[in-house]
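The next block holds one structure in the form of structure tokens; read it before the comments.
Letters A, B, ... mirror the listed sequences (proteins, then strands); counts begin at 1.
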Amino acid sequence: MAHVDVILPSGEIQRLEAGLSLAELLRQIHADLEGRVVAGRLDGKPVDLSTVPPAGARVELVLMDSPEGLFILRHSTAHLMAAAVQELYPEAKFAIGPPVEDGFYYDIDLPRPLPAEDLPVIEARMRALQADRLPFVRVEMPVEEALRLMETRGETYKVEILEAIRRYGTSRPDTVEELKGEAETGGMVSFYQSRSFLDLCRGPHVPDTSFLRAFKLTHIAGAYWRGSEQNPMLTRIYGTAFPTEEALEQHLYRLEEARRRDHRRLGRELGLFSIEEEIGPGLVLWHPKGALVREVIEAFWRKEHRRRGYQLVYTPHVARAHLWDVSGHLSWYQDNMFSGMEVEGQEYLVRPMNCPFHILIYRSHTRSYRDLPFRLGELGTVYRYERSGVLHGLLRVRGFTQDDAHIFCRPEQLESEVADVLELALAMLRAFGFPEHHLVLSVSDPAQMTKYAGSEEEWQRAESALERVLEKSGFAFDRVEGEAAFYGPKIDISLVDVLGRQWQCGTIQIDFNMPERFDLSYIGEDGRSHRPLMVHRALLGSLERFFGILIEHYGGAFPFWLAPVQVAILPVAERHEPYAQHVAGRLDTAGVRVQIDDRNEKVGYRIRQAEVTKVPYIVVVGDREVEGSLASVRERGRRERGTMPVDTLLDELRDLLHPPMTGPAL
RNA sequence: GCCGGCGUAGCUCAGUGGUAGAGCAGCUGAUUCGUAAUCAGCAGGUCAGGAGUUCAACCCUCCUCGCCGGCUCCA
């Protein structure tokens with residue numbers, strides 16, 4: 001009998017009867033893994049387990065709980081869902097159904113809207129199919145034949161995809177450039193069939209539906225075909241799948257946890273902020289407690305910036321249209337600006353950015369090279385017209401305050417300035433409890449240089465400067481083409497919160513365009529006039545968004561230095577109030593934000609109130625404490641500490657009052 | 001902006017083609033209390049706004065506004 005030799009990941013050579021599939025190989029060498037392996041790889045290329053390996057192939061198995069295996073699992077579940085949808089709604093037309101970060105979706109064109117109540121119906125049908133242990137059968141055919149097949153079935157979206165494949169060799173013509181080398185060849189495409197459902201798909205898939213043990217459909221949303229507003233809106237059904245029920249449960253619990261931390265809910269419950277319909281969407285009211293947190297953030301921010309050579313300024317919120325014309329905002333940014341107002345025959349516009357004002361401060365004097373770098377900072381409130389559908393609590397608003405600064409510098413100072421900003425940004429994030437970050441270098445799209453202001457050569461220079469800083473920093477970063485601002489390339493800084501979610505906050509943007517537009521100059525050592533470079537930067541991004549992120553990160557339980565109320569003092573009975581006042585006075589003098597709760601309620605009730613409002617320290621004072629100048633201390637989260645002298649408590653709290661800022665000693 | 005869903009008291013939510021209810025929060029009173037909810041009473045709503053159908057609309061229809069989930073966009 002003929003044999004073939006294949007190479008296992010260990011490097012071992014395995015002799016295999018010719019014509020046996022990977023599934024059979026698995027049974028021979030790893031019977032214990034059966035049911036946990038969803039696919040294989042031949043020479044690194046993912047394939048179905050039903051594939052018969054050729055002689056000499058490097059063979060690997062893909063486990064269900066590996067990231068790749070999970071993707072395959074979810075992809076197959078998307079197919080299962082589509083099969084169920086097709087049975088329930090025979091008129092449905094299918095677009096695409098890929099696995100994503102937390103699960104999968106399928107975009108489907110349905111003749112009528114899908115009510116949310118239908119999700120359990122679809123899910124039930126999926127379970128029925130799952131129980132039938134339907135195999136995922138791979139069918140290969142030439143593109144032309146596939147086109148005819150999809151046309152007869154009325155699958156117009158699949159036809160469109162196939163036409164793209166026929167023309168470009170890939171289903172995504174927008175990526176044709178980067179895929180040039182690896183585009184499918186041979187004019188063959190593959191389908192996967194489970195019962196009557198046949199779907200164009202590269203694969204691989206799990207062998208049969210019995211592998212799909214734990215899944216759930218989560219929600220429905222609209223999505224444009226190919227993501228473009230010009231195209232029809234499809235119904236997108238989201239779901240998720242995991243190797244085990246337990247893992248699925250855990251995921252659903254995490255979703256629940258995210259809901260529990262929702263800053264919109266906590267913001268209302270904790271009296272931090274509100275957004276009122278009468279004022280308008282995306283416009284935030286900071287209530288006293290939220291404002292207190294903001295004050296602490298701002299004070300810390302100002303101190304750090306002064307310490308690092310920034311000069312802080314205040315500038316107006318509106319300016320004559322002419323200014324925005326000179327700055328280029330009217331040509332590049334008008335879609336995002338509130339419409340103007342007329343005053344004394346002059347058009348004024350509300351500012352969407354702070355830069356022109358800082359530029360005019362720079363330009364108000366003749367500047368010498370000795371003045372550079374010239375760093376102007378401002379917690380500057382701006383207004384941007386955001387389309388109504390994108391607004392979201394504090395995370396996406398129309399009026400917000402940027403922790404903005406503009407650095408005017410000589411070209412040779414650029415790199416060290418950018419490096420300093422990056423260092424400051426990361427240090428501040430750490431102080432707020434975000435040790436993890438993610439950096440993205442956004443550069444121009446060489447194919448569409450008309451989108452950008454300035455010369456190609458300037459762009460080149462700025463982009464390589466940013467790249468060098470990032471490389472020297474030693475931090476990992478992604479490089480994305482086409483994401484630059486209209487005036488220059490940038491580094492975007494995202495933080496990672498306690499649930500592992502990434503939020504973009506900081507940004508460092510190089511600008512050689514504005515200095516030119518405003519004809520900025522400085523007198524160099526040579527006595528001649530030179531053009532400075534400009535760096536726009538924000539570290540927290542906007543105070544609104546950052547506050548929203550903070551609320552969710554901490555679930556409303558802010559660390560001591562940020563908490564709006566740091567200590568609640570509860571006198572047991574009315575006669576203890578003078579002593580409560582005395583303790584409060586001492587804490588207050590030390591700079592602690594303290595509140596006495598002398599309401600006519602039992603101690604248990606008031607402790608509960610302090611706990612649910614996330615006050616970090618609770619101090620109960622009764623006869624015993626009055627007697628010995630003591631405080632009965634309780635920390636947020638059920639820890640009862642017992643009594644201690646007020647002096648001891650004060651010492652402890654004093655250490656907690658300041659942000660944990662670590663950085664270069666200046 | 002687009003697709004879908006939603007909008008009843010400050011909050012969470014019941015409710016029916018025949019002029020609206022609970023819990024919590026609020027207020028008042030009693031209670032003076034020792035580590036996560038003391039008891040009683042009171043008050044609170046143009047049922048998002050507008051138009052229409054109807055003898056009668058919170059309920060049915062249309063429009064507007066807002067919110068939610070996504071898409072597109074983004075700090």
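- Between B:U12 and B:G29, the distance separating the two P atoms is 30 Å to the nearest Å.
- Of the P atoms belonging to B:A43 and B:G7, the separation is 29 Å, rounded to the nearest Å.
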Less than 3.5 Å apart, which donor and acceptor atoms pair up between the side chains of residues 276-290 of chain A and the rest of the protein, not counting sequence neighbours?
{"from": "A:Glu276", "atom 1": "OE2", "to": "A:Ser274", "atom 2": "OG", "distance (Å)": "2.8"}
{"from": "A:Trp286", "atom 1": "NE1", "to": "A:Glu544", "atom 2": "OE2", "distance (Å)": "3.4"}
{"from": "A:His287", "atom 1": "NE2", "to": "A:Ser274", "atom 2": "OG", "distance (Å)": "2.7"}

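- For A:Leu630 and B:G34, the CG to C1' distance is 14 Å, given to the nearest whole Å.
- A:Asp597 and A:Gln609 are not linked by any side-chain donor-acceptor pair at a separation below 3.5 angstrom, with hydrogens and angles left out of the test.
- Taking the salt bridge (charged side-chain N to carboxylate O under 4.0 Å, His left out) definition, one finds that A:Arg479 meets it with A:Glu467, A:Glu481, sequence neighbours left out.
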## Note on the structure
Scoring nucleotides 70-75 of chain B by protein non-hydrogen atoms under 4.0 Å (B base, S sugar-phosphate only, - none) yields BBBBBB
### Message
Please evaluate residues A:Phe432 and A:His553 with respect to the criterion ring-ring contact (aromatic ring centres under 6.0 Å, His included), reporting the C-alpha separation (whole Å), side-chain torsions for both, the decisive distance (0.1 Å), and the verdict.
### Response
CA-CA 10 Å; A:Phe432 282 103; A:His553 181 62; over 10 Å; no
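- Distance check on atom P: B:G44 versus B:U53 gives 34 Å, rounded to whole Å.
- Note: CD (A:Glu277) to P (B:C68) measures 12 Å, nearest angstrom.
- In this structure, A:Arg236 satisfies the cation-pi test against A:Tyr105, with its NZ or CZ atom closer than 6.0 Å to the six-membered ring centre and inside 45 degrees of the ring normal.
- Taking atom P on both B:U16 and B:A25, the two are 28 Å apart, rounded to the nearest angstrom.
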### Query
How does RNA chain B look in dot-bracket form if you count Watson-Crick and G-U pairs under 3.5 Å, write [ ] for pairs that cross, and put | where a base pairs with another strand?
(((((((..((((....[..)))).(((((.......))))).....(((((..]....))))))))))))....
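- B:C60 sits 41 Å from B:U28 when the P atoms are compared, rounded to a whole Å.
- Considering only side-chain N and O atoms, A:Arg641 lies nowhere under 4.0 angstrom from the phosphate OP1 or OP2 of B:U35.
- Atom name P, nucleotides B:G18 and B:A57: the rounded distance is 11 Å, in whole Å.
- A salt bridge links A:Arg260 with A:Glu257: the distance from a Lys NZ or Arg NE/NH1/NH2 to an Asp or Glu carboxylate oxygen falls below 4.0 Å.
- Regarding A:Gln230, its CD atom lies at a distance of 14 Å from the P atom of B:C3, rounded to whole Å.
- With respect to A:Phe94, the ring pair (Phe, Tyr, Trp, His ring centres under 6.0 Å) criterion is satisfied by exactly one of A:Tyr157, A:Tyr89, A:Tyr106: A:Tyr106.
- In this structure, CG of A:Leu119 is placed 13 Å from P of B:G5, rounded to the nearest angstrom.
- Residue A:Arg606 places no side-chain N or O under 4.0 Å from the OP1 or OP2 atom of B:A37.
- Atom CD1 in A:Ile618 sits roughly 13 Å away from atom P in B:U35 (whole-Å rounding).
- Atom-to-atom, CD of A:Glu601 to C1' of B:C24 comes out at 13 Å; the value is rounded to the nearest Å.
- Not one side-chain nitrogen or oxygen of A:Arg599 sits closer than 4.0 Å to the OP1 or OP2 atom of B:U32.
- Comparing B:G34 with B:A75, their C1' atoms sit 49 Å apart, to the nearest whole Å.
- Judged by atom type and distance alone, A:Glu278 does not reach the base of B:G66 through any side-chain donor-acceptor pair under 3.5 Å.
- As rounded to whole Å, 19 Å separates atom P of B:U35 from atom CD of A:Glu635.
- Here the P atom of nucleotide B:G34 and the CD atom of A:Glu627 are 17 Å apart, to the nearest Å.
- Separation of the C1' atoms belonging to B:C33 and B:G10 is 29 Å when rounded to the nearest angstrom.
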Would you list the atom pairs, donor with acceptor, under 3.5 Å between side chains in residues 493-503 of chain A and any protein atom, with sequence neighbours excluded?
{"from": "A:Asp497", "atom 1": "OD1", "to": "A:Leu499", "atom 2": "N", "distance (Å)": "2.8"}
{"from": "A:Asp497", "atom 1": "OD1", "to": "A:Gly500", "atom 2": "N", "distance (Å)": "3.0"}
{"from": "A:Asp497", "atom 1": "OD1", "to": "A:Arg501", "atom 2": "N", "distance (Å)": "2.9"}
{"from": "A:Asp497", "atom 1": "OD2", "to": "A:Arg501", "atom 2": "NE", "distance (Å)": "2.9"}
{"from": "A:Asp497", "atom 1": "OD2", "to": "A:Arg501", "atom 2": "NH2", "distance (Å)": "2.9"}
{"from": "A:Asp497", "atom 1": "OD2", "to": "A:Trp503", "atom 2": "NE1", "distance (Å)": "3.0"}
{"from": "A:Arg501", "atom 1": "NH1", "to": "A:Glu552", "atom 2": "OE1", "distance (Å)": "3.3"}
{"from": "A:Arg501", "atom 1": "NH2", "to": "A:Glu552", "atom 2": "OE1", "distance (Å)": "3.0"}

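- By the neighbour-count criterion of 12 heavy atoms within 6.0 Å, atom CD of A:Glu91 is densely surrounded, having more than that number from other residues, nucleotides or ligands.
- Judged as a ring pair (Phe, Tyr, Trp, His ring centres under 6.0 Å), and not counting sequence neighbours, A:Tyr224 has no contacts.
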